[in-house]
Engineer: 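Structure incoming, see below.
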Protein chains: 2
Amino acid sequence: MMNHLKNVDYTQICVCANLRKKTRVVTQLYDKLLHPTGLKVTQYSMLAHIDLQQAVSISRLGEILLLDQTTVTRNITLLKQNGYVELNRDAHDARTKNITLTEKGLEKLQEAAPIWQEIQDRIIDDVGIEKYADFYDTLRTMQKIIQSYDEE
Amino acid sequence: MMNHLKNVDYTQICVCANLRKKTRVVTQLYDKLLHPTGLKVTQYSMLAHIDLQQAVSISRLGEILLLDQTTVTRNITLLKQNGYVELNRDAHDARTKNITLTEKGLEKLQEAAPIWQEIQDRIIDDVGIEKYADFYDTLRTMQKIIQSYDEE
DNA sequence: CTACAAAACATGTATATACATGTTTTGTAG
DNA sequence: CTACAAAACATGTATATACATGTTTTGTAG
């Protein structure tokens, strides 16, 4: 007897819509657990990248996160309003603005990090490290494939 | 010799941020190719679900797509403004509004379908059907896992 | 039947996101 | 050096999304 739930042709389920749906679920979990810190996962992730990159420019951050430059500008504006980051003109190029974490931003990042780590470990553990490794790899592959389309 | 690109601990890359990033890439591809139709992939997907479900209510559609009811209301409003869907009060429950495709909405869906199918087939083929099956499965598992957290 | 909780939808507000376009600063062909 | 294209960032506009809350309609305990 067929399970009617599984009796769906998964190749006919939109790759994009399905990804978006699952991403919503994951995002809501992260946002819910990060809520006590006042950060959303998007903001946490951006702070973490700024911490790693040290004085990145807006467009460079966009390249890394594959975000439109204007989106970075908008997201950074919010972090700036909250006092988590600073923007400084580059010494050698007056067009460029470098983003750095403030003391407050670093503290906020450190406050949120343990919560993030807990969700992270739990999900990967529950999915299973091997399955997750494959999953991660397929996501990477998918990105590369799509980026290769643009070169046509 | 290590490949410095692969020399990153993938378990320390945020599951959520990574999913969001890849989802942006995929979404941009779909939106770009669907552009001639005037639909975004979100709208296409919603029209396709309405077509499948036949006279579905706003909250039911939210359950299916795991979207907040208010988000469905907003997205449907746009489809309605474009004349692709109609809203009708339910005959048995005056609170409920049922969504149906208009003739114009069906035509638009049929116009976009071949484009969607082409992207869909191409991505799955390029990723590889077996890898994609695993990937799809892991996405499902991840959703179930997270939904099980909410029951705690 | 009545009172009240719950269900279904709408509205206010805020964040995330991208595209089109504008402004300022650099870099470089000639 | 000058003119102009390109780079870097900002702004206008629109869609996608969720949470808090409000309104209307149902369902049900008593």
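The model shown is predicted, which means the values in this text are computed figures rather than measured ones.
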Engineer: Taking only the side-chain nitrogens and oxygens of B:Thr71, find out if one of them lies under 4.0 Å from OP1 or OP2 of D:dA18.
Structural biologist: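 It does, given that an N or O in the side chain of B:Thr71 lies less than 4.0 Å from OP1 or OP2 of D:dA18.
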
Engineer: In whole angstrom, give the distance that lies between atom CE of B:Met46 and atom C1' of D:dT17.
Structural biologist: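 Taking CE of B:Met46 and C1' of D:dT17, I get 10 Å after rounding.
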
Engineer: Salt bridge between A:Glu111 and A:Lys108, side-chain N to carboxylate O under 4.0 Å?
Structural biologist: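 Yes, this pair counts.
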
Engineer: Determine to 10° how strongly the helix from C:dC1-D:dG30 to C:dG30-D:dC1 is bent, judged from the axes of its five-pair ends.
Structural biologist: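 The helix from C:dC1-D:dG30 to C:dG30-D:dC1 shows an end-to-end axis angle of 10°.
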
Engineer: Taking only N and O in the side chain of A:Gln43, is any of them less than 4.0 Å away from OP1 or OP2 of C:dT15?
Structural biologist: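 For C:dT15, neither OP1 nor OP2 has a side-chain N or O of A:Gln43 closer than 4.0 Å.
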
Engineer: Relative to B:Tyr30, does A:Arg20 satisfy both conditions: NZ or CZ under 6.0 angstrom from the six-membered ring centre, and within 45 degrees of the ring's axis?
Structural biologist: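 Pair A:Arg20/B:Tyr30 does not count as cation-pi.
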
Engineer: Checking the side chain of B:Gln120 only, and the main-chain atoms of A:Ile13 only, is there a donor and an acceptor separated by less than 3.5 Å?
Structural biologist: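 Here the side-chain-to-backbone pair exists.
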
Engineer: Report the distance from atom CG of A:Leu66 to atom P of C:dT17, rounded to the nearest whole Å.
Structural biologist: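 Interatomic distance, CG of A:Leu66 to P of C:dT17: 11 Å.
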
Engineer: Is there a side-chain contact (heavy atoms from CB on, under 4.5 Å) between B:Thr71 and B:Leu67 once you walk through the steps?
Structural biologist: CA-CA 6 Å; B:Thr71 301; B:Leu67 277 173; 3.8 Å; yes

Engineer: Output the residues of residues 30-42 of chain B in contact with DNA chain D, where contact means a heavy atom of the residue under 4.0 Å from an atom of the strand; sort by number or write none.
Structural biologist: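 Within this stretch, B:Lys40, B:Thr42 sit under 4.0 Å of the strand.
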
Engineer: Going 5' to 3' along nucleotides 5-12 of chain C, which nucleotides have protein heavy atoms under 4.0 Å from the base (write B), which only from the sugar-phosphate (write S), and which from neither (write -)?
Structural biologist: -BBSBBBB

Engineer: In whole Å, I'd like the distance from the CZ atom of A:Arg20 to the C1' atom of C:dA16.
Structural biologist: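 Distance, rounded to whole Å: 10 Å.
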
Engineer: Minimum heavy-atom separation for A:Leu34 to A:Leu39, with atom names?
Structural biologist: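 For A:Leu34 versus A:Leu39, the nearest heavy atoms are CB-O, 3.4 Å.
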
Engineer: Send over the distance from A:Lys80 NZ to C:dT15 P, rounded to a whole Å.
Structural biologist: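 Between P of C:dT15 and NZ of A:Lys80: 16 Å.
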
Engineer: Send over the distance from A:Leu79 CG to C:dA14 C1', rounded to a whole Å.
Structural biologist: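 Rounding to the nearest Å, CG of A:Leu79 and C1' of C:dA14 are 14 Å apart.
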
Engineer: With the threshold set at 4.0 Å, does a side-chain nitrogen-carboxylate oxygen contact exist between B:Asp90 and B:Arg95?
Structural biologist: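 Answer for the salt bridge query: no.
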
Engineer: Round to the nearest Å and state the distance from A:Lys22 atom NZ to D:dT17 atom C1'.
Structural biologist: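 To the nearest whole Å, that distance equals 17 Å.
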
Engineer: For residues A:Gln69 and A:Ile58, report the shortest heavy-atom separation together with the two atoms involved.
Structural biologist: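 Looking at all heavy atoms of both residues, the shortest contact is O-CG2, 4.0 Å.
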
Engineer: Verify whether one side chain among B:Asn18 and B:Tyr10 offers a donor that lies under 3.5 Å from an acceptor in the other.
Structural biologist: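 Looking only at side-chain atoms, B:Tyr10 and B:Asn18 do not form any donor-acceptor pair under 3.5 Å.
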
Engineer: With respect to the phosphate group of D:dT17, does any side-chain polar atom (N or O) of B:Asn75 fall under 4.0 Å of OP1 or OP2?
Structural biologist: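 The answer is yes; a side-chain N or O of B:Asn75 sits under 4.0 Å from OP1 or OP2.
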
Engineer: Within this structure, what is the CG-to-P distance between B:Asn82 and D:dA14, rounded to whole angstrom?
Structural biologist: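 Nearest whole value for this atom pair: 12 Å.
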
Engineer: Kindly check if the number of other-residue, nucleotide or ligand heavy atoms within 6.0 Å of CD (A:Gln12) is above 12?
Structural biologist: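 Counting other residues, nucleotides and ligands, CD of A:Gln12 exceeds 12 neighbours.
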
Engineer: May I have the distance from B:Leu19 (atom CG) to C:dA16 (atom P), rounded to whole angstrom?
Structural biologist: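 The distance from CG of B:Leu19 to P of C:dA16 comes to 17 Å, rounded to the nearest Å.
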
Engineer: Taking CD in A:Glu63 as the centre, count heavy atoms belonging to other residues, nucleotides or ligands within less than 6.0 Å. Is the count above 12?
Structural biologist: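 Result for CD/A:Glu63: enclosed.
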
Engineer: Identify the two heavy atoms, one from B:Gly83 and one from B:Thr102, that lie closest to each other, and give their separation to 0.1 Å.
Structural biologist: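 What the structure gives for the nearest pair is O-OG1, 2.6 Å.
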
